[in-house]
Amino acid sequence: MSIAASLQKSTTESLKALFGQPFTEKDFQVSQTKPEFEGDYTVVMFSLVKSLKLSAEVIGNQLGVHLVENYPHLFSAYNIIKGFLNVTVTDNYWLALLEKNYDDICFGKQPLNGKKVMVEYSSPNTNKPLHLGHLRNNFLGWSVAEILKANGNSVLKSCIVNDRGIHICKSMIAWQMFANHATPQSTHTKGDHFVGEYYVKFNNEYKKEVAALIAEGMDEKEAEKEAPIMRATQQMLQDWEAGKPEVIELWKTMNSWVYDGFDITYKTIGSDFDKIYYESNTYLLGKDIVRQGLDKNVFFKKPDGSVWIDLTSDGLDEKLVLRKDGTSVYITQDIGLAQQKYDEYKIDQSIHVIGDEQNYHMKVLQLICKRMGLPYADDIHHLSYGMVELPTGKMKSREGTVVDADDIVSEMEKEAMVKTAELGKVKEFTKSELTDLYHVIGLGALKFFLVRIEPKKKMIFNPEESIDFHGFTAAFIQYNYARIQSVLRKNEMLKVNLEAGSFLPLEKELVVSLERYGAVISQAAEELNPSLIAIYIFNVAKTFSSFFAEHSIAKAETAEKKQLRWQLANMTANVIKSGMALLGIDVPGRM
RNA sequence: GGUCCGGUAGCUCAGUUGGAUAGAGCAUCAGCCUUCUAAGCUGAGGGUCAUUGGUUCGAAUCCAAUCCGGAUCACCA
């Protein structure tokens with residue numbers, strides 16, 4: 001149990017003992033004591049004044065005395081300022097905490113709780129390479145999965161690959177028209193980039209054709225429908241659905257090029273999945289559920305044969321679930337996929353990491369599942385995140401205005417190389433050690449940049465002012481980790497009895513901060529919010545950095561101080577490494 | 001128009017779920033390497049928490065209205 005939770009518990013017990021009535025943890029608030037006051041944690045008593053009809057001073061005094069007398073192993077002193085009861089935790093508590101955990105690499109993590117969660121993220125289209133927006137999705141999803149694991153859940157990482165549909169056919173048609181049998185191999189191009197080029201080519205050609213038709217006097221809407229390349233694409237989609245061999249062959253070939261490219265990117269950024277779903281296998285699912293829903297009158301049929309659900313009573317609109325020709329739409333397959341996941345794994349919670357542009361869609365999906373009475377309806381959760389935009393506006397792959405994932409990663413590595421060379425601290429590194437270091441620093445900076453902000457906020461990425469290595473960054477944290485490793489290499493831990501020790505302010509601040517790690521993981525898991533981990537780890541590193549500048553470990557005043565600081569440093573390193581791992585960021589032994 | 005999200009320092013963001021004098025990073029300015037890694041440390045300046053009203057011991061936080069920005073409301077996915 002965290003010290004904050006212990007204080008909460010002992011406060012409810014004390015209040016009950018003192019005033020003879022039951023209290024819960026909601027009746028008062030516990031928070032960290034502000035640095036300008038004496039004490040470690042604070043009980044806010046204003047909320048108790050009314051129910052007890054006593055002044056805050058009186059309650060605080062009685063409570064303070066009771067806490068110190070009855071929990072002497074936890075609390076050593078208190079003071080009251082206005083309605084705030086500031087409680088000092090005993091030095092022995094902190095010493096014992098350090099002694100027990102300074103070398104525990106699992107500190108802060110929870111044992112398995114039996115809950116099964118699936119996190120779906122990434123969900124790429126197989127017609128273009130990944131871009132910065134996908135990276136935010138990947139890093140968020142991956143990190144949320146790791147945080148949930150650390151908090152005791154069994155987690156399955158999943159991915160739905162959008163490998164079919166009109167947008168895939170666009171790249172295929174363009175390849176047929178313009179490629180002259182070129183391949184990634186023949187052009188020495190990474191497969192996903194290669195296919196992406198044809199997606200852009202499609203759109204250029206399409207625009208040209210539409211413009212030409214309009215020039216001939218056709219109106220815009222019709223021109224967009226009638227453009228020959230679009231007609232050919234639609235024909236191809238029909239051929240695909242009919243299973244026309246040469247179309248399927250081309251589809252498989254081009255998709256395999258893209259997968260080769262994705263594999264490289266995923267490997268580079270450290271993304272992985274336990275289960276991959278393909279839309280080409282799932283797009284027909286869900287129709288049965290719709291049929292059942294028709295029988296139950298959850299859905300209704302319009303005269304033309306299309307099937308709808310009326311969500312107006314929930315403040316939404318009517319939504320189509322089956323076309324008049326009986327084929328399924330986006331939402332239909334999602335219902336089917338949700339059912340399939342549940343059948344396969346009996347998951348307790350299904351988290352979908354999807355951009356906030358799809359808030360409406362996910363709301364509809366959940367509502368439909370609810371109205372159908374599906375058992376997992378309430379366990380579907382949309383982790384919605386804001387778009388990554390450029391100073392010039394939205395990224396559009398159709399128009400080629402995207403920050404490519406592979407490009408940005410290698411640019412960051414290059415930046416890391418330049419900066420490292422300037423500082424000249426790792427001259428004895430081998431070539432491959434250097435490559436690893438640049439990767440760790442460059443990719444770390446990028447991940448931290450994308451994950452340090454609350455998911456639902458949209459963010460603007462300015463390529464001109466590229467991500468730097470100072471302040472609230474991964475590099476700062478990695479740097480402090482490397483410094484600690486250096487100290488630990490040069491100094492051995494002494495084996496001294498620390499029973500009677502006490503803390504200087506920065507030592508105390510550091511151990512108090514480290515103690516919170518478990519609570520931070522829990523909160524991040526509950527809120528599905530990796531930025532809490534990022535902020536926390538940064539604060540740990542910052543506190544360490546001040547501590548490190550102020551107090552020497554090698555030349556500590558006494559043997560006890562040297563041991564205490566050695567253990568503090570070691571535990572800090574472990575927490576940094578562990579926390580950064582939850583964000584998918586590695587830490588170097590030297591930099 | 002309906003629904004949803006956002007608006008906090010020049011910029012990028014926190015703000016422990018209603019608590020003490022609203023905090024970090026960047027940028028600016030002033031100090032600090034003969035001492036365990038200066039990708040660092042210490043300090044300074046910088047605020048109408050979009051606006052107005054309400055709720056109460058107490059509001060950046062909750063409620064209402066308004067303003068600004070964004071997303072979405074397809075027989076696309």
Side-chain angles (χ1 to χ4, degrees), chain A residues 4 29-34 36-37 42 44-47 49-50 56 81-84 86 123 125 162 164-168 279 283 302 304-308 312 314-325 327 329-331 333-334 355-361 363-364 384 386-387 389 394 416 419-420 422-423 425-426 441 449 452-454 456-460 462 465 468-473 475-480 482-491 516 519-520 523 527 531-532 535 538-539 542 545-556 565-566 569 590-591:
Chain A
Q29 216 166 31
V30 167
S31 58
Q32 279 193 275
T33 303
K34 300 220 162 201
E36 56 269 33
F37 301 103
T42 297
V44 184
M45 284 167 307
F46 293 108
S47 52
V49 170
K50 222 183 258 173
I81 297 167
K82 295 196 243 172
F84 301 94
N86 301 320
S123 311
N125 291 333
N162 303 119
R164 50 135 254 135
I166 193 80
H167 53 301
I168 307 299
E279 194 191 324
Y283 81 108
K302 285 196 177 177
D304 66 0
S306 58
V307 181
W308 297 71
T312 48
D314 283 287
L316 305 182
D317 306 284
E318 288 186 349
K319 187 84 188 171
L320 177 95
V321 292
L322 279 185
R323 295 191 186 97
K324 65 184 171 204
D325 62 7
T327 56
V329 291
Y330 183 36
I331 196 95
Q333 41 179 305
D334 272 359
D356 61 8
E357 56 192 358
Q358 296 205 39
N359 286 354
Y360 182 80
H361 172 79
K363 219 170 166 181
V364 171
S384 167
M387 298 288 106
E389 293 177 9
K394 280 186 115 180
K419 188 69 193 172
T420 304
E422 269 174 27
L423 293 169
K425 291 181 185 178
V426 288
I441 296 173
F449 180 83
R452 63 181 189 154
I453 291 166
E454 196 192 342
K456 73 175 169 197
K457 293 207 171 161
K458 77 169 182 198
M459 58 196 296
I460 293 170
N462 190 345
E465 314 162 4
D468 76 350
F469 300 120
H470 303 277
F472 185 27
T473 64
F476 173 85
I477 297 165
Q478 290 168 325
Y479 171 68
N480 277 290
R483 285 157 119 192
I484 295 174
Q485 295 311 309
S486 172
V487 175
L488 296 181
R489 279 193 297 270
K490 289 178 183 166
N491 295 280
R516 291 182 51 232
V520 172
Q523 201 192 343
E527 295 179 19
S531 74
L532 296 179
I535 292 163
F538 172 66
N539 281 322
K542 203 153 61 90
S545 198
S546 299
F547 157 84
F548 187 71
E550 191 71 24
H551 304 299
S552 174
I553 295 167
K555 295 182 181 166
R565 288 176 193 165
W566 197 98
R590 293 174 188 210
M591 67 185 276

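Reminder, nothing fancy here: chain letters follow the sequence lines and each chain counts from 1.
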Review point. Within the structure shown, what part of the strands sits under 4.0 Å from A:Lys419 by heavy-atom distance: base, sugar-phosphate, or nothing?
Key: base

Point to revise | B:C13 versus B:A50 - spacing of their P atoms, nearest Å | key: 15 Å

Point to revise | A:Gln358 vs B:U72: side-chain N/O to OP1/OP2 distance below 4.0 Å | key: no

Check your understanding: What do you reckon, are the aromatic ring centroids of A:Phe46 and A:Phe84 less than 6.0 Å apart?
Key -> yes

Practice item. Could you measure between the two P atoms, the one in B:G23 and the one in B:A65, and give it in whole Å? Key: 32 Å

Check your understanding: Think A:Gln32 has a side-chain N or O under 4.0 angstrom from the OP1 or OP2 of B:U16?
Key -> no

Exercise for review: Measure distances between side-chain N and O atoms of A:Asn86 and base N and O atoms of B:A20, and say whether any donor-acceptor pair falls under 3.5 Å.
Suggested key: yes

Nucleotide N/O to protein N/O under 3.5 Å, stretch nucleotides 22-29 of chain B:
{"from": "B:G25", "atom 1": "O2'", "to": "A:Phe472", "atom 2": "N", "distance (Å)": "3.2"}

Study note, to complete from the structure: Atom CG of A:Asn491 and atom C1' of B:U37 are separated, to the nearest Å, by 13 Å

Check your understanding: Would you say a side-chain N or O of A:Lys457 is under 4.0 Å from OP1 or OP2 of B:U12?
Key -> no

**Study point:** Touch class at under 4.0 angstrom, heavy-atom based, for A:Glu279 against every strand present
**Key:** sugar-phosphate

Check your understanding: How about A:Phe469 and A:Phe476: are their ring centres within less than 6.0 Å of each other?
Key -> no

Exercise for review: Would you indicate, yes or no, if B:U42 has its OP1 or OP2 atom less than 4.0 angstrom from a side-chain nitrogen or oxygen of A:Ser546?
Suggested key: yes

Check your understanding: Is a donor-acceptor pair below 3.5 Å formed from side chain A:Ser531 to base B:A14, judging by atom type as modelled?
Key -> no

**Study point:** Test: A:Lys394 and A:Glu389 ion pair at under 4.0 Å
**Key:** no

Review point. For residues A:Asp317 and A:Tyr360, is any side-chain donor paired with an opposing acceptor at under 3.5 Å?
Key: yes

Check your understanding: Which part of the nucleic acid, if any, lies within contact of A:Lys324, taking any heavy atom under 4.0 Å across all strands shown: a base, the sugar-phosphate backbone alone, or nothing?
Key -> base

Point to revise | Presence of A:Ser545 side-chain N/O under 4.0 Å of B:C41 phosphate oxygens OP1/OP2 | key: yes

Check your understanding: Starting at the 5' end of RNA chain B, what dot-bracket string do you get if Watson-Crick and G-U pairs under 3.5 Å are bracketed, crossing pairs use [ ], other-strand pairs use | and unpaired bases use dots?
Key -> (((((((..((((.....[...)))).(((((.......))))).....(((((..]....))))))))))))....

Practice item. Examine B:A38: is either OP1 or OP2 under 4.0 Å from a nitrogen or oxygen in the side chain of A:Arg483? Give yes or no. Key: yes

